[in-house]
Amino acid sequence: METLEAPVQAPIKKDKALKKIMIINSKATVDSVYAALILANGARMEGIESEMFCTFFGLEMLQPKKMDHLHVATVGNPGLHIPTMIGGLPGMETLASAMMKKEMDKLDIPTVSEFLDIYKASGGKVFACKLAMEMFHLSKEDLWEDIDGVLTVGDFYNRAQEEGCQIIFV
Amino acid sequence: METIIANKQVELNEQGYMLDMTQWDEGIARAIAIEEGIELTDRHFDVLNFLRKEQEKGTALSIRKIGKSGVVGIKEFYALFPEGPLKKASRIAGISKPASCI
């Protein structure tokens, strides 16, 4: 019997050059943390394996008490167009940060805690830097419960020993 | 470009997304899904039907919105449509390519 059925197509295999991305974040500013989260989560959305490594002040985004209260820098941040002396006035940073959060809300951008949950559910991994934790006297109990581990720099590089892996420092 | 999928004539853009969502049916969904390496189950169709409804409403879809929909959790969404769930699911659902960063 003749059928008009088109032949069943085989899955189209697209071999991607970029297979895994590792994002390093060393800062606690809103811009740095969101850039890291969007890059890391965006990789998962494209089917790319994704890991985040938080070091130095980047550990703030992994501390539940602090993660949703991050600030933008009002001093030393020319992009904000606030004169340095005014940017240093008490309350300026809180005000600028609140304004930025409002704008982000309008665009439906999640809070850091929600974003981390979304990222984690996507299969992304989050690591904390061992040395920075020691510097700031942080233990694993101080950090978000869903982190995948605490790494030394050597551990970090070992995780990058794969074909198609790229490292980005935010 | 015009092409035949599952015996139906459909119009696709250069990335393989359907240009007219009314041309879609389950057979087309299954055929596109095979290309994406996915065999569709009822659970997949729950998600696909939700996406199509949202598209009709003109919602800009994001993984976050899907996670909050109550239809499917983010983890399950990634499991159902591995390696790029929002893009793959949109293509299979016959709707336009999502432009979301989150």
Side-chain angles (χ1 to χ4, degrees), chain A residues 1-21 23 30-31 33-50 101 103-125 146 148 164 170, chain B residues 2-10 12 14-17 25-40 54 58-69 72-92 97-102:
Chain A
M1 194 177 79
E2 203 180 39
T3 65
L4 284 170
E5 186 74 45
V8 175
Q9 278 176 283
I12 298 172
K13 279 265 175 222
K14 287 164 243 160
D15 206 21
K16 291 186 197 125
L18 184 57
K19 294 193 173 73
K20 176 174 176 177
I21 198 88
I23 314 280
V30 170
D31 44 311
V33 167
Y34 274 91
L37 278 168
I38 288 168
L39 281 167
N41 185 63
R44 290 300 305 132
M45 287 168 68
E46 291 298 314
I48 299 164
E49 211 187 314
S50 170
K101 273 195 193 117
E103 287 303 314
M104 291 169 81
D105 255 0
K106 275 190 221 160
L107 285 174
D108 211 23
I109 298 174
T111 58
V112 172
S113 55
E114 190 193 339
F115 213 155
L116 279 170
D117 286 338
I118 291 173
Y119 176 59
K120 189 76 197 199
S122 80
K125 292 194 168 79
D146 282 337
D148 293 272
V170 176
Chain B
E2 293 232 329
T3 186
I4 307 262
I5 302 176
N7 288 332
K8 286 254 178 82
Q9 191 150 5
V10 292
L12 299 180
E14 64 285 354
Q15 289 171 308
Y17 288 82
D25 66 20
E26 286 196 9
I28 291 171
R30 288 184 197 282
I32 298 175
I34 286 168
E35 275 189 18
E36 297 283 3
I38 298 167
E39 203 175 320
L40 296 181
E54 289 301 305
T59 314
L61 285 160
S62 67
I63 299 253
R64 185 189 189 205
K65 275 189 193 133
I66 289 163
K68 283 187 168 179
S69 65
V72 66
I74 292 173
K75 213 170 185 171
E76 191 188 356
F77 187 43
Y78 272 87
L80 288 170
F81 302 94
E83 298 191 14
L86 188 55
K87 282 166 82 177
K88 278 194 181 182
S90 297
R91 193 170 161 244
I92 297 167
K97 186 181 172 183
S100 162
C101 282
I102 291 159

For each of A/D108, A/N41, A/I38, tally heavy-atom pairs with chain B at distances under 4.5 Å, and name the one with the top tally. A/D108

Side chain, backbone, both or neither: which part of [X] has a non-hydrogen atom closer than 4.5 Å to chain A?
X      : value
B/K65  : side chain
B/K68  : side chain
B/I102 : both

Kindly check if the number of other-residue, nucleotide or ligand heavy atoms within 6.0 Å of NZ (B/K75) is above 12? no

Any chance NZ of A/K101 has more than 12 other-residue heavy atoms, nucleotides or ligands included, within less than 6.0 Å? yes

Are any of the side-chain nitrogens in A/E49 or A/R44 under 4.0 Å away from the carboxylate oxygens of its partner? no

Taking side chain as C-beta onward, heavy atoms only, is B/E35 less than 4.5 Å from B/R91? yes

Separation between CD1 (B/I74) and OG (B/S69), nearest 0.5 Å, reads 9.5 Å

For the atom pair CD1 (A/I118) and OG1 (A/T111), what is the distance rounded to the nearest 0.5 Å? 8.0 Å

Would you mind checking which part of [X] comes under 4.5 Å of any heavy atom in chain B, side chain (CB onward), backbone (N, CA, C, O), both or neither?
X      : value
A/L37  : neither
A/F115 : side chain
A/K120 : neither

